[in-house]
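Down below is the structure, laid out as structure tokens.
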Amino acid sequence: MKNKATGKSYAKIIWFGEHNVVYGKPAIAIPIYSVDVTATIEKIQNGQEIHCRYFDGPINEMADNLLGVKTLTNHLISLFGAQNIAFDLNIQSKLPAERGMGSSAATAIAIVRAFFDFFEVNLTRSQLLKLANIEEKITHGNPSGLDSATASSNMPIWFVKNEINEQIDFNLPTSSLVIADSGIEGKTSEAVSLVHDNVVDEPETAQPLINELGKIAESAREALATTDDELLGKLMNQSQHDLAELGVSNHTLDTFCQIACDNHALGAKLTGSGLGGCVIALAKNQTDAQQISTALRKAGATQTWIQSFKNYQFSTGEAHDNLVR
Ligand code: MEV
């Protein structure tokens, strides 16, 4: 056992496929390296404490809004027979919570990695995702696993629930993605339940939308391979339209998408669960990206990021950091 150990993970952005992924249709998501979570475990004299932005104290005194993290941590303590080992678990997160950037999954991934590092035990990717799912199930009800899969990945991923979790390589030499935080909480479980109710109550309207969103993700994968950013933009607009029809957009997200398109975005859509959270817009070049970012901030975005794809090829295994804040 080490005296001090760490685990790291990343924010994720779903480019295509939120919600339809819950129903077995494909999604494309990318990790954002500059927006990360680090969990650190350190041996201390007495007790087992957790320190994060929402709580500071003994693990067993964590409130119900942190039940997922509490349950996962207690599960890991039992797994390693660590009931009598005194430690502090510190969580440093750069992710805004409830903004569709996978904050809870990223936290869970970082915690699992820190425990395995602390006890010097090798961790497989499937073990990691299974353990992170303990937290995600409690926090989000019926997660597809996409958030954890992306938060733990070094590369963009192509994901089909319970079937495919494939890391994909792509290269978009000139375009960038602008990410804008609406400042409104995203409420994943509420949005997932809302879509579920629509699928059950109005299958003739909702199911075709889910099917089409899955087809859009397939077309987007081809567009990524052929560097067709114009088509990617159109597919983003089509996704936004379908997600709005499913009921997970809102006035602010719709307005942000419109403003991005009025400022030369090739396309724009919400990302993550919706009902709040972030919007993403595809820009043909850096100049357009800056213009979109400025326009969205003027319209009330609380934070914006620009993700360039110039060197967004991870096949070398290196983590490129192209994020401009
Ligand atoms: C949430 O980030 C993404 C959703 O598709 C839910 C899920 O995949 O579990 C809305």
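Just follow the structure's listing: the first ligand is 1, and inside any ligand the first atom is 1. As the structure is a computational prediction, the values presented were derived from the model and not from experiment.
Side chains of Asp242 and Gln238: no donor on one and acceptor on the other come within 3.5 Å.
Under the 4.0 angstrom criterion for non-hydrogen atoms, Ala191 is not in contact with ligand 1.
Within ligand 1, counting atoms from 1 as listed, the ones closer than 4.0 Å to a heavy atom of Val21 are 5 (O), 8 (O). Within ligand 1, counting atoms from 1 as listed, the ones closer than 4.0 Å to a heavy atom of Ile14 are 2 (O), 3 (C). Those atoms of ligand 1 with a heavy atom of Glu18 less than 4.0 angstrom away are 5 (O). Counting atoms of ligand 1 from 1 in the listed order, those under 4.0 Å from a heavy atom of Lys12 are 2 (O). Taking a cut-off of under 4.0 Å to the non-hydrogen atoms of Ser144, the atoms of ligand 1 that pass are 7 (C), 8 (O), 9 (O).
Summary of contacts: the protein heavy atom closest to atom 10 (C) of ligand 1 is His19 CE1, 3.5 Å.
Panel note: side chain Lys269, backbone Trp15; a donor-acceptor pair is recorded below 3.5 Å. Of the possible polar contacts, one joining the Asn20 side chain to the Pro26 backbone as a donor-acceptor pair under 3.5 Å is found. Listed for the Arg99 side chain is a donor-acceptor partner under 3.5 Å among the backbone atoms of Ala97.
Contact annotation: for Arg99 versus ligand 1, there are no heavy atoms closer than 4.0 Å.
The pair Glu230-Lys284 meets the salt-bridge criterion, since a charged nitrogen lies less than 4.0 angstrom from a carboxylate oxygen.
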Item to complete: Decide side chain to side chain donor-acceptor pair (under 3.5 Å) for Glu136 and Ser148; before the verdict, give the C-alpha distance in whole Å, the side-chain angles of both, and the deciding distance to 0.1 Å.
Response: CA-CA 8 Å; Glu136 283 293 271; Ser148 317; 4.6 Å; no
